[in-house]
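I have placed the structure first, in the form of structure tokens, so that the comments after it can refer back to it.
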Amino acid sequence: MTSHYAVFGNPVSHSKSPLIHAEFARQTSQDMDYRAILAPLDAFVETVAAFRASGGMGANVTVPFKHQAYQLATRHTDRARAARAVNTLKFEDDGSVLGDNTDGAGLVRDITQNLACPVAGKRMLLLGAGGAASGVVLPLILCSPAEIVIANRTREKAILLADDFKQHGKISGCGFDEISGNFDVVINATSASLKGELLPLPDTLFNSGALAYDMMYGREDTPFMAWARTHGATHVSDGLGMLVEQAAESFFLWRGVRPSTLPVIELLRAAR
Ligand code: ATR
């Protein structure tokens, strides 16, 4: 019997998740379908309930519903609890709803495996302290970097976010004008790229061999990526690999099978 999955968002028609999961299902011979469902801004819970009642077994959740999905889940993984946001729901047979957050694991896998950039012992700079940033801090700090600095336009938010993870390693928060020293990995988790805006970053930011990673992706380089190329970053990447890797983590949670991600990343790059 075909199992049903979906991604809920608003807007959601641009989502690449249906294509990604269709590829994963084909590759691993899973009998499932996966579609994008537009949830009204004031009726996320009802829309998910209707999907579940019609036989849905799990879902991805995207902007702006990740916090509501956290509330909806009756059980959470540690990484979802740390993020206080859920991007993956699994509807269990006993009626409970497991909430997971696979964004950070997807980011870590893309950086460490696909881009072959080890994070352990490295100095990391995380730009932004909103939903996208807070979703990835726990998986990043569990990779044992030498240090994580979180820098944000609103410096207080960076300090508060860093405080949440102090027990796991060396981590601090600051404003953009307080960034000091050089970094091996710099991750842009702000939404500035979406608006085509440049961040006010110091000119000397990158250590030799450094990776600049933008969690956004598009047809062309984001402003952050273009800036990084001309300011000494050795490796520059967008977030397309993270998108596919977080999907693979969700797929694994639902189906217990790990799909091959590289062919799907290549497929998406070719389709742009
Ligand atoms: P998301 O879920 O995408 O993270 P969010 O929670 O609204 O969205 O957070 C947006 C992040 O991008 C924040 O860190 C925000 O900085 P503030 O906390 O100061 O608002 C950051 N951001 C958005 N536009 C920016 C810009 N033009 N320059 C710098 N930072 C920006």
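Numbering of ligands and ligand atoms starts at 1, following listing order.
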Taking only residues two or more places apart in sequence or in another chain, which ones pass ring pair (Phe, Tyr, Trp, His ring centres under 6.0 Å) with His4?
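Ring pair (Phe, Tyr, Trp, His ring centres under 6.0 Å) check on His4 returns nothing, list empty.
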
Output all residues satisfying ring pair (Phe, Tyr, Trp, His ring centres under 6.0 Å) with Tyr34, sequence neighbours left out; order by chain, then residue number.
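Ring pair (Phe, Tyr, Trp, His ring centres under 6.0 Å) list for Tyr34, sorted by chain: His21.
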
Ignoring hydrogens and geometry beyond distance, is a side-chain donor-acceptor pair present between Asn188 and Ser193 at under 3.5 Å?
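Asn188 vs Ser193: donor-acceptor pair found between side chains.
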
Is the closest side-chain donor-acceptor distance between Thr2 and Asp33 under 3.5 Å?
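No pair is found: no donor N or O on one side chain lies under 3.5 Å from an acceptor on the other.
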
Side-chain donor/acceptor pairs under 3.5 Å, residues 39-48, sequence neighbours excluded:
| residue | atom | partner | partner atom | Å |
| --- | --- | --- | --- | --- |
| Thr47 | OG1 | Ala43 | O | 2.5 |

Using a 4.5 Å cut-off on heavy atoms from C-beta on, say whether the side chain of Val136 contacts that of Ile187.
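No, too far: nothing below the 4.5 Å cut-off.
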
Which protein residues have a heavy atom closer than 4.0 Å to any atom of ligand 1, listed by chain and number?
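Answer by chain and number: Gly128, Ala129, Gly130, Gly131, Ala132, Asn152, Arg153, Thr154, Lys157, Phe176, Thr190, Ser191, Ala192, Lys195, Glu197, Leu199.
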
